[in-house]
A.B. asks: 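My structure is below; once you've seen it, I'll send some questions.
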Amino acid sequence: MSFYSLKMRASKNSQHVSGAEKILHEQELPAQMNALLSRALHHAKGQADFINMKIETVRPDDLEYINALPVSSVMVNTPEEGQEVILQYLSKLGIKNGTEIMKRFADTYTMRGAILLDVNDLSRLEPDFGRGIRATYMDAEHSLDRLPDSCKNHFQEAIVLASKVVAAPHIIAEICISDDPDYVTGYIAAKNIGYVRISKLKNMGCPNGRRIFLYQGPKQDIAKCINYLEKQRVLVCHVPYFPNEKSITPINYIQQMEKYLQNKKELHLYRQTREITSAQSAHVIYQGRRMLMLASNNYLGLSNNTVVKESAEQAIKKYGCGSGGSRLTTGTLSLHNQLECTLAKFKNTEAALLFNTGYMANLGIISAICQKGWIIYSDELNHASIIDGCRLSSARIVIYNHNNMDSLEAKLREFAPCQGLIVTDAVFSMDGDIANLPQIMSLSHKYNVLTMVDEAHATGVIGSNGKGICEYYKMEKKPDILMGTLSKSLGSEGGYVCGCKILIDYLRNTARSYIFSTSQSPAALAAALTALDILVNHPGIVKKLQKNVQCFCETLRINGISANSDSAIVPIKIGDEAKTIRIEKELFQQNIFLTAIRYPTVAKGAAILRAAVMATHTEAEIQLAAKKISAAINL
Ligand code: PMP
């Protein structure tokens, strides 16, 4: 590929108007020349009456690529403070005669180029004192698709120049004060301090400023240094982009994050993890203490079930630990296909498809199905993974009031006829209530839109055999898309979708979280398969769970706390975040692991204790826990 150096100088009545230099790819030349011409002819300083464009070929072999200096900024109030900053940086570089060096700026005011100053004896090294040294033949490395720039970006140009200057042999620093009367800024640049912009080095309106290049090296290398500065073709890589002067003040990203976290702490919304040192069971070990677990989604206790664990062990022995690839490349094991068949059979659908997590399932399904022009009708309390799936799609998202069928129908009517999808949690993950599926289905039929139900907290929990929401309502007809997760009552990890063969085939070909991620591990697959087998063959565990939930709610009610649930999730409404945290702490002290759920998971000021009952709790345990919860609330 051929490169060209393009230089433009424009003047009016022999006064400088504009100048630019670039190193370009051949294809860019005409457009960039036009842009520079336009700059010279329409300049704020007036229309140029003399424009000189010089174009030279640059052989790729003659081009040197260097990295841009890192940029930082120091804000000062006066030129004196600014000069002091320069002296400090010079001293950091081991240069003691900084004050003397700064005095030499006076010599530069009449020059076009820079002074090349020997830092040791302060002798000037330019062959022609009147002209000085001109650092030239440099540009920022751009991609070919850059737009021709008819406006000058002073910052980028200064960074490019400084980066080249300090790359020259034996140059240890450059100091620059702007010679533009409208600018008061300048910088000091050196390899190990980067490009340090200083906000004030002179007073507004003052035309005095230029550059000093500081040389520290043997006299015989001076020519080499000057040759590099004036002749070496250089492209500077990774030049940061600053759209205007103010933006050059660096953003302290980490400080911004710290402030955010501090704010969260003050609002009692800061989140932390808690390390459990045992298996997920009805009891867990936390900080060395045995606690009753009342916050787990492992509703049936299958995560730590001996048979489930043994099957995972066997799977590791036979198939290893990782699946080795995404499903469509090398990552389909017989366990994947077996589990998909079992899930489809369990949900009584034609087919099923696995995802790595429930979260990824929602992202993949919704974004693959709902295209531009579609409407997604989404319950206001849907899980975050549904919300994120909606956001990832190109569809319009219409939120209806929580489980409110009048609100849903009003929205359906407003946008009918349309291509659409109604999406809802089957069991709402925080409140534990159950979607009005019969009505949703009848509305979806009336308005001819698809229905998708997320059975994350329904499978293994509701319906007489734990088959989920259709069994709960004794419905024959199924929603078009039945989504779920293996990570809750099935005690493993992974997400899935059940539906007709064509839907599943469509998703296999379009759902990006399915296509572009390494598939589930053999252990997770085997564990889910065995858990499903237990669920199908021992529906008694579901009955035990449902009985435990009723016992828990009843004990709470007897103790003055309103509680009711048809699922395994029992929300205990507190409201105030600080109070909820206080109760949570109190319960932890009493060895009850129950978590406070706060904004943004629930609305601000609507904090809850989300209790999750398990089939493996004993009645005595949950009755005692309910009493302790009531006491902690009333403390
Ligand atoms: N949907 C709902 C309703 C959920 O509650 C969750 C998990 N909290 C998910 C999807 C995501 O499932 P997973 O944890 O498997 O990613």
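Bear in mind that the values here come from a model prediction, so they are computed numbers and not experimental data. In each ligand, atom 1 is the first atom listed, and ligand 1 is the first ligand listed.
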A.B. asks: Which ligand 1 atoms does Ala456 reach within 4.0 Å, using its non-hydrogen atoms?
C.D. replies: 1 (N), 2 (C), 3 (C), 4 (C)
A.B. asks: Just to confirm my output: which protein heavy-atom neighbour is closest to atom 9 (C) of ligand 1, and how far is it?
C.D. replies: His383 CE1, 3.5 Å
A.B. asks: Verify the distance criterion only: is there a donor paired with an acceptor across the side chains of Tyr359 and Ser487 at less than 3.5 Å?
C.D. replies: no
A.B. asks: Starting from atom 5 (O) of ligand 1, find the nearest protein heavy-atom neighbour and note its residue, name and distance.
C.D. replies: His457 NE2, 2.5 Å
A.B. asks: Do Thr595 and Arg610 pass the side-chain contact (heavy atoms from CB on, under 4.5 Å) test, and can you show the C-alpha distance, the side-chain angles, and the key distance before you say yes or no?
C.D. replies: CA-CA 6 Å; Thr595 24; Arg610 176 188 180 273; 5.8 Å; no
A.B. asks: Has the side chain of Lys309 got a donor or acceptor atom that lies under 3.5 Å from a matching backbone atom of Ala527?
C.D. replies: no
A.B. asks: May I ask you to list the atoms of ligand 1 that are less than 4.0 angstrom from any heavy atom of Asp425?
C.D. replies: 3 (C)
A.B. asks: Quick check: does Lys488 get an N/O under 3.5 Å from an N/O on ligand 1?
C.D. replies: yes
A.B. asks: For Gly358 and ligand 1, does the shortest N/O to N/O distance drop below 3.5 Å?
C.D. replies: yes
A.B. asks: Pairs of nitrogen or oxygen atoms closer than 3.5 Å, one from Asn297 and one from ligand 1: do any exist?
C.D. replies: no
A.B. asks: With a 6.0 Å cut-off on ring centres, are Tyr286 and Phe588 close enough?
C.D. replies: yes
A.B. asks: So is Lys604 actually on top of Tyr599's ring, under 6.0 Å and inside 45° of the axis?
C.D. replies: yes
A.B. asks: Determine whether the side chain, the backbone, both or neither of Glu493 has a heavy atom under 4.0 Å from any heavy atom of ligand 1.
C.D. replies: neither
A.B. asks: Starting from atom 16 (O) of ligand 1, what is the nearest protein heavy atom, named by residue and atom, and what distance separates them?
C.D. replies: Tyr359 N, 2.9 Å
A.B. asks: Donor-acceptor pair, Thr329 side chain versus Gly325 backbone, under 3.5 Å?
C.D. replies: no
A.B. asks: Between Tyr514 and Phe355, what is the ring plane arrangement, given parallel below 30°, perpendicular above 60°, and tilted in between?
C.D. replies: perpendicular
A.B. asks: Nearest protein heavy atom to atom 1 (N) of ligand 1, by residue and atom, and its distance?
C.D. replies: Asp454 OD2, 2.5 Å
A.B. asks: What atoms of ligand 1 come within less than 4.0 Å of a heavy atom belonging to Ser487?
C.D. replies: 13 (P), 14 (O), 15 (O)
A.B. asks: Just checking Asn404: does its CG atom have more than 12 heavy atoms from other residues, nucleotides or ligands closer to it than 6.0 angstrom?
C.D. replies: yes
A.B. asks: Does the residue Gly495 have a heavy-atom contact with ligand 1, meaning some pair of atoms that are separated by less than 4.0 Å?
C.D. replies: no
A.B. asks: Is it the case that the ring center of His402 lies less than 6.0 angstrom away from the ring center of Phe428?
C.D. replies: yes
A.B. asks: Which of the numbered atoms in ligand 1 are under 4.0 angstrom from any heavy atom belonging to Ser429?
C.D. replies: 5 (O)
